[in-house]
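Below, chains carry the letters A, B, ... as their sequence lines are ordered, and counting in each starts from 1.
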Protein chains: 2
Amino acid sequence: MDHEQTSSGSSDVVPTSSARHARITDVAKLAGVSMKTVSRVVNGEAGVLPGTRDRVLAAVAELGFVPDSRARSLKRGGTDTIGILIDAISDPFFAALVSVVEELALERGLSVLFASTGYDGRREREQLARLTGDRLRGLILAPVDVTTPELTALRRRFPVVCVDRAREGIDSVVVDDFGATVQAVRAFVAHGHRRIAFIGEHTPYPTVATRLEGYRAALDEAGITFDQSLVVEQGRHREERSLTELLRRPDAPTAVFSATSPATIAVINTISAEHLRMPALISFGDFEFADVFTPGITCVDQDPRLIGQATFRRLLDLVDDAAAEPEHVVVPTHLITRGSGELAPDDDLPAPIGALR
Amino acid sequence: MDHEQTSSGSSDVVPTSSARHARITDVAKLAGVSMKTVSRVVNGEAGVLPGTRDRVLAAVAELGFVPDSRARSLKRGGTDTIGILIDAISDPFFAALVSVVEELALERGLSVLFASTGYDGRREREQLARLTGDRLRGLILAPVDVTTPELTALRRRFPVVCVDRAREGIDSVVVDDFGATVQAVRAFVAHGHRRIAFIGEHTPYPTVATRLEGYRAALDEAGITFDQSLVVEQGRHREERSLTELLRRPDAPTAVFSATSPATIAVINTISAEHLRMPALISFGDFEFADVFTPGITCVDQDPRLIGQATFRRLLDLVDDAAAEPEHVVVPTHLITRGSGELAPDDDLPAPIGALR
DNA sequence: CACAGCCTTGACAACGTTGTCGAAGGCGCG
DNA sequence: CGCGCCTTCGACAACGTTGTCAAGGCTGTG
């Protein structure tokens, strides 16, 4: 039997997506069995004679039959899709997170429905509404504006795990913002720094605020008085005048703690553009080019792979036990020392980072 | 009527995802209408009395009813989901691509099913098989190993658009690899360079090969003899010994064309680590830190946003007209001059890029 | 006042699949 | 040789939704 040129009676020149997909009944008819038997073969159930199975498989191949996952999941009462809702995939942190989650999902035969909020609460709600209709197996999300009650309502439909930002009463996987920052500032102190700046980013999330708290706590611990003028929180797209001013003033900080990767980039840009001397620098969040510079940029590593694994694992746990008590997982961080964080206050480093002349 | 505290009779302590979702019949019963009327209200169809509509909406709100998109799409015979299958989301190019596509999809009420191949043909086929079962509205993919016949078969099920890499007979959106490379090399020649290196990456895709062809063509055009020793194609994770050797030799190239972003990073790393003098450098593919260096890295910009828009538009065209002849869209590129590409052969640039001391 | 026509609503089937149950046939054993 | 069991298979209903069609009430007009 030729399996090319399925003659369907019509004389289409090019069979471009006009012919409906083969259904299970088509396969059944061709193989001379019932749909149920086809179903059995396709799903690898036992109790089908080898001969029958072969005939069915031949028919499946000939017609190019692929079971309709919608009908399947509708009947079975469970989807094979998990959703992931994040700020933006252009953020390398989330890119890595999605990457890990998709990988793990694939291992378990799950599909990943991707959605992003663009840091926008309205869009977040839109996306959540859409995702709800999709009857997911579970949802991973980095919450923006969505409140605990809303998430609790969602939680009744399918397991939900928050990532990067926690919500009371909902499972979450976050990083130890406070502790990691304390650790970084302690390192500065240990190297003799006293004027330590905090460069943040104005976000609607508490992560940066928590890091700021850690910064203050570590200063307290070292007996250093908190100085508001050493703190710069820049807007997402705001100009960096205050940052420049801070780094150029006579008593410029000898050490800079940068609370996010974008902030770090801004710092490096500023130092480079203004030909300033290099302060000690630690960045919260690793980034691709951190080791291209000399010295490399010391980073607090919030390993997205680790976070992704923990998040996915927790989601699966919840799939198995929907009534489990909410758990808040804190993924440990560690300092990747590359040089920039280990500079002493009096290190003379006239050449600006990234400069050529 | 209170819409808090839905008294359902049972005395669950925590209603964690145990209660089944409200179905359209539940809403109908509560509102005292037929399911069809609920369907009409939910879908915004005309011909429902305001009073009836209000009662239905109240019932919908009380039960937290969200229509099941699987049943809906099954009945309607069309999904609201498009698939996107790419190499890896950790590649910033694809991250940006997915970002744009998702944005455009959202505007049209479409969901995005995300999948990646990890540059692996086996995994690609696995993913394609899964996606097929999902009865997509359309699929965007960066083909790895999949052949034209396979894609043609897929094409019968739903529209398919290839991105970044073309396949004969299938719609595609690519970048002008050849032309852009010619343009870059011409710029080098115009600045007086004669020893121009080509740093590629060993990929299974023809993109790099096409760029190499452009490189050779531009050399020919300028009357420069092709020199194989100036071409380095490094493996994905291979050591960069040959690159180092090339850049360190006495007659090192005065200009370097780097065919991919990773290759560019390798070049910069090498220059930085080996404290070499800075050659003129043009990178195929922009990257985040390109303007942090001094001078900034001149790049051939293959704008993922543009590519994403073109791809999505083409996909929608195909959704409307499934029988359309395959089209091959070539998205124009342009050179972003930042300094590194405009260096002359005799420019003395002793300080290595990214160096501090 | 009768009848046509519109507006609103509902009963029913169907989308493609799988779970349930029962039927038919073969085989072993008494 | 007959009975019962196991194996293999099929008919049917159902998952939750929407499209089709028709019923019923109401209005307008001759």
Side-chain angles (χ1 to χ4, degrees), chain A residues 19-57 59-60 63-81 109 130 132-137 157-158, chain B residues 19-57 59-60 63-81 109 130 132-137 157-158:
Chain A
R20 296 285 310 142
H21 305 168
R23 291 150 303 174
I24 202 171
T25 51
D26 301 325
V27 178
K29 212 167 294 173
L30 183 59
V33 296
S34 76
M35 353 175 253
K36 182 62 217 189
T37 298
V38 177
S39 171
R40 273 191 267 260
V41 171
V42 168
N43 291 294
E45 288 175 34
V48 179
L49 286 183
T52 316
R53 147 165 287 122
D54 290 346
R55 259 185 308 141
V56 170
L57 287 178
V60 165
L63 297 177
F65 169 74
V66 178
D68 187 322
S69 68
R70 299 167 304 174
R72 200 199 283 246
S73 89
L74 183 60
K75 186 67 181 74
R76 289 200 183 157
T79 336
D80 282 343
T81 304
R130 171 197 318 297
T132 305
D134 287 325
R135 302 292 190 268
L136 303 171
R137 182 77 77 83
R157 311 192 95 101
F158 40 70
Chain B
R20 295 284 312 140
H21 305 169
R23 293 150 302 174
I24 202 169
T25 50
D26 301 324
V27 179
K29 212 167 294 175
L30 184 59
V33 297
S34 75
M35 6 174 243
K36 182 62 219 190
T37 299
V38 177
S39 171
R40 272 189 269 258
V41 171
V42 169
N43 291 294
E45 288 175 34
V48 180
L49 287 182
T52 315
R53 148 166 286 121
D54 290 346
R55 259 185 309 142
V56 171
L57 288 178
V60 165
L63 296 178
F65 169 73
V66 178
D68 188 321
S69 68
R70 299 167 303 174
R72 199 198 283 245
S73 90
L74 182 60
K75 185 66 181 74
R76 289 201 183 154
T79 337
D80 283 343
T81 304
R130 171 195 319 296
T132 305
D134 286 325
R135 302 293 190 265
L136 303 171
R137 183 78 77 83
R157 312 191 95 101
F158 41 71

List in chain and number order the residues that pass salt bridge (Lys or Arg N to Asp or Glu O under 4.0 Å) with A/R135, two or more places apart in sequence or in another chain; answer none if no residue qualifies.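 Only B/D68 meet the salt bridge (Lys or Arg N to Asp or Glu O under 4.0 Å) criterion with A/R135.
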
List in chain and number order the residues that pass salt bridge (Lys or Arg N to Asp or Glu O under 4.0 Å) with B/R23, two or more places apart in sequence or in another chain; answer none if no residue qualifies. B/D26

Heavy-atom count check: over 12 atoms from other residues, nucleotides or ligands less than 6.0 Å from A/K29 NZ?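 Check fails, neighbour count at 12 or below.
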
Divergence of helical axes at both termini of the helix from C/dC1-D/dG30 to C/dG30-D/dC1 - five pairs an end, 10° steps: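 Taking the rotation axis at each end, their angle is 60°.
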
Given A/R72, which of A/T79, A/N43, A/D80 fulfils the side-chain contact (heavy atoms from CB on, under 4.5 Å) condition?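 It is A/N43, the one option of A/T79, A/N43, A/D80 that forms the side-chain contact (heavy atoms from CB on, under 4.5 Å) with A/R72.
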
On a heavy-atom basis, which atom in [X] and which in [Y] lie closest, and how many Å separate them?
{"X": "B/S34", "Y": "B/A28", "result": "C-CB, 3.7 Å"}
{"X": "A/V38", "Y": "A/V56", "result": "CA-CG1, 4.1 Å"}
{"X": "B/F65", "Y": "B/V42", "result": "CE2-CG2, 3.9 Å"}

Which ones in residues 45-56 of chain B lie close to DNA chain C, meaning a heavy atom under 4.0 Å from one of its atoms?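 Heavy-atom contacts with DNA chain C come from B/G47, B/V48, B/L49, B/T52.
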
Taking the side chain as everything from C-beta on, heavy atoms only, tell me whether [X] gets closer than 4.5 Å to [Y].
{"X": "A/L74", "Y": "A/R70", "value": "no"}
{"X": "B/R55", "Y": "B/T52", "value": "yes"}
{"X": "B/I24", "Y": "B/P67", "value": "no"}
{"X": "B/L63", "Y": "B/L30", "value": "yes"}

Here's a test of your reading of the structure: between B/F65 and B/R40, which maps to the more 5' nucleotide of DNA chain D? B/F65

Hey, can you pull the residues of residues 31-39 of chain B with a non-hydrogen atom under 4.0 angstrom from DNA chain D?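 Per residue number, the list reads B/M35, B/K36, B/S39.
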
Take A/V66 and B/R157 through the test side chain to side chain contact (heavy atoms under 4.5 Å, CB included) and record every step on the way to the result. CA-CA 10 Å; A/V66 178; B/R157 312 191 95 101; 4.0 Å; yes

For A/R70, report the nucleic acid contact type (base, sugar-phosphate, nothing); a contact means any heavy atom under 4.0 Å.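 Contact class for A/R70: none.
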
Boundaries of the chain B footprint along DNA chain C (any atom under 4.0 Å from a heavy atom):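 The contact span of chain B on DNA chain C goes from C/dT8 to C/dG16.
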
Evaluate the criterion side chain to side chain contact (heavy atoms under 4.5 Å, CB included) for residue pair A/D134 and A/T81; output intermediate values, then yes/no. CA-CA 8 Å; A/D134 287 325; A/T81 304; over 6 Å; no

